[in-house]
Amino acid sequence: MATASERDTDDRIDVQAGEGPDEEPEVPDSADECRVSLDVIEVDGEELAEVFAHGEPPADAGGPEPRKELLAHVSPNELIMFPRVSAAYRSAFLEPKYDQIVRIRIPGDWRVPESIGEFEELIEALPVGFSRRASRGLGLKWENRLIIEAIEGATTATELQLVEGDEASISGETFTLGRRLFDRVRKGMAQIGRRSQARALQDRRHLAHNEIVHPINEELFPRLYRHARPGEIFELAQLSTRDQRRDERDRAAVTDLFRQDAPQIARENPRALLELRSEIERVTLAELIARFEALLDRNPDERAWQTFFETHPFVLSIAFPHPVLLIGGQAHVGGTTIDGRGESIADFLFRQGLTGAVAIVEIKTARTRLLQNAPFRGTMHAAHADLCAAISQTLDQRAELTANFHARARHPSMEGTHVGHVHCLVVAGRNPETADKRRSLDLFRSATKDVAVVTFDELLEKLRAIHRAMSAGGAGAEATAPDARH
């Protein structure tokens, strides 16, 4: 490692005739201190002071001179410190205290001291947070070292210059820091430290109570829990925007906390609550779309689709041109013979939200064939028998429900309903792959006025259109869902 004279040639003073005698180094008071001395020299008729840190003197008089390193020098217009490790038991004894910053320069009007005592009186004017003992190696106090670490971690600066003001800047290898900014950061770190100590003390008290006293009588000595200080959750939320490492327990805790505070939030910030609700609905819809897409990829049987739509009846409701409410799934609509066979069961019953009209929904699978593969005339494809059977099944369910409605209407779920007009819906198959087939399907289902036919792809696209509109904040009017009959 370079010596102080090699490293700091711009800061050393050329000694001229008339320099004062060396002071005998002071003996350190503790193991963390080193011997220090002060020399007063004269340069161009101006007195300057140099403070040195000394190594341990040799055990015998004939041994080598102890190591001597420049610790600071003071001129009328600046104080320059060269912070060093002061504890003799450390391997880096008298080496620079910091990895990169080798000097701290403080411009100003300084009185040149003539002794170590006067020097330490002088540095009492340093900002709070600086070491006030030359024998401690000068520089920042231990608790403020993170300021130096921040500068070293982000820059190549070797000099810290402390000036008046509230800003920070870097020029070459000099990092300039305003005193007010330094003081604000120092106070902030001290506050964090005190807060951490207080919280740690509280946690230790709670641990002692919960492990020793609480088990004796859980009712008489209830478990103690930490209480979040005002603003603490806000700080954690700010961190969460940058740190995504949260687990299931974190998310569950946030959900519980929101549930508890929802009434208060509604009073204090109703707009935020509405925005949060909108975001929850948007995210929930995105998850629903992902589940729908996964089912289509799996191409399961009717039972899987029945379970999916029972869990998410909203998906079926968007196939109707009017608001509907789910009455129930696997609804018995009639048709039982005298021997108990032949019961007609509808996959889903809905009711018109405003008029009470009943609607029947028959669910098939995405594998259900809608059209014949070969055209029967020109480019026209006839409806497949699977689709015709599904339509016939739904019409039969409607007939049975109409005939047996008086008995079925006694059930509480049917209160306020009627069968003046029963809307029928079949969900089956995928969108045809060719333009000719798509045209053929549209022609066929436009003629089946009593039964609307909707494909699984069309339901999925309606969900996507709603999600796009929600994500655009209402600007997705152009993404309006297609008509329920197409």
Side-chain angles (χ1 to χ4, degrees), residues 285-321 324 326 329-330 346-348 350 359-395 397 423-469 476 478-486:
L285 182 56
E287 178 63 22
L288 179 59
I289 290 172
R291 292 180 185 177
F292 200 144
E293 291 170 338
L295 271 179
L296 279 178
D297 290 340
R298 281 175 45 203
N299 204 7
D301 58 17
E302 282 188 37
R303 287 176 297 178
W305 285 111
Q306 180 78 27
T307 301
F308 175 78
F309 290 124
E310 285 177 352
T311 306
H312 308 289
F314 164 73
V315 180
L316 291 178
S317 72
I318 64 175
F320 291 91
V324 293
L326 177 65
Q330 294 294 292
D347 287 334
F348 291 95
F350 283 85
I360 294 175
V361 179
E362 179 64 24
I363 301 298
K364 295 305 178 182
T365 71
R367 297 193 299 266
T368 302
R369 291 167 293 184
L370 304 180
L371 300 168
Q372 300 285 351
N373 284 329
F376 77 95
R377 181 175 296 174
T379 59
M380 184 59 59
H381 294 258
H384 196 278
D386 290 351
L387 177 58
C388 293
I391 292 174
S392 298
Q393 180 183 359
T394 307
L395 290 172
Q397 292 168 357
H423 190 91
C424 296
L425 175 68
V426 170
V427 180
R430 305 290 297 268
N431 277 5
E433 63 276 8
T434 68
D436 290 340
K437 286 187 175 182
R438 290 193 290 271
R439 177 174 176 271
S440 297
L441 177 62
D442 279 340
L443 286 173
F444 174 77
R445 59 185 181 179
S446 66
T448 58
K449 298 184 182 300
D450 286 344
V451 181
V453 177
V454 177
T455 68
F456 284 86
D457 289 317
E458 287 171 330
L459 275 183
L460 178 58
E461 184 55 32
K462 281 196 171 188
L463 290 175
R464 289 170 174 164
I466 295 172
H467 186 262
R468 286 194 295 271
E478 69 281 358
T480 303
D483 188 279
R485 296 183 60 84
H486 298 282

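- Rounding to the nearest 0.5 Å gives a distance of 10.5 Å between CD of Q393 and CD1 of I360.
- For the pair F444 and C388, the tightest heavy-atom approach, listed with the atom from each and the gap, is CZ-SG, 4.4 Å.
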Starting from the C-alpha separation in whole Å, work towards a yes-or-no answer on side chain to side chain donor-acceptor pair (under 3.5 Å) for D386 and T368. CA-CA 6 Å; D386 290 351; T368 302; 5.9 Å; no
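- Closest approach of A286 to H467, counting heavy atoms only: CB-NE2, 3.5 Å.
- Side chain of D347 to main chain of I363: a donor-acceptor pair is present (N/O by atom type, distance under 3.5 Å, no hydrogens or angles).
- For the side chain to side chain donor-acceptor pair (under 3.5 Å) with Q306, the qualifying choice from E310, E302, R303 is E310, the only one to do so.
- L288 and H312 get closest at one heavy-atom pair: CD1-CG, 3.3 Å.
- By the 4.0 Å N-to-carboxylate-O rule, K364 lies close enough to E362 to be salt-bridged with it.
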In sequence, state the C-alpha distance, the side-chain angles, and the governing distance for L370 and H384, and then conclude on side chain to side chain contact (heavy atoms under 4.5 Å, CB included). CA-CA 5 Å; L370 304 180; H384 196 278; 5.7 Å; no
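- Within the 6.0 Å centre-distance limit, the rings of H423 and F320 are counted as a close aromatic pair.
- Rounding to the nearest 0.5 Å gives a distance of 7.0 Å between SG of C424 and CG of D450.
- L326 has its side chain out of reach of L316: every pair of non-hydrogen atoms, C-beta onward, lies at least 4.5 Å apart.
- M380 has its side chain within reach of S440: a pair of non-hydrogen atoms, C-beta onward, lies under 4.5 Å apart.
- Residues I289 and L463 approach most closely at CD1-O, 3.6 Å, considering heavy atoms.
- When side chains are defined from C-beta on, V454 counts as touching L459, because their heavy atoms get closer than 4.5 Å.
- In this structure, E293 does not pair ionically with R298, as no charged nitrogen and carboxylate oxygen lie closer than 4.0 Å.
- The OG1 atom of T455 sits 7.5 Å away from the CG atom of L441 when rounded to the nearest 0.5 Å.
- Looking at R430, its side chain never comes within 3.5 Å of a backbone N or O of A366 through a donor-acceptor pair.
- Side-chain atoms of R367 and D301, non-hydrogen and from C-beta on, do get closer than 4.5 Å to each other.
- When all heavy atoms of T365 and W305 are compared, the pair lying nearest together is CA-CD1, 4.2 Å.
- Atom CG of L425 sits about 8.0 Å away from atom OG1 of T394, to the nearest 0.5 Å.
- Salt bridge status for R438 with E458: absent, with no side-chain N to carboxylate O gap under 4.0 Å.
- For the ring-ring contact (aromatic ring centres under 6.0 Å, His included) with F308, the qualifying choice from F456, F292, F348, F314 is F292, the only one to do so.
- Without hydrogens or angle criteria, H381 side chain to K437 main chain gives no donor-acceptor distance under 3.5 Å.
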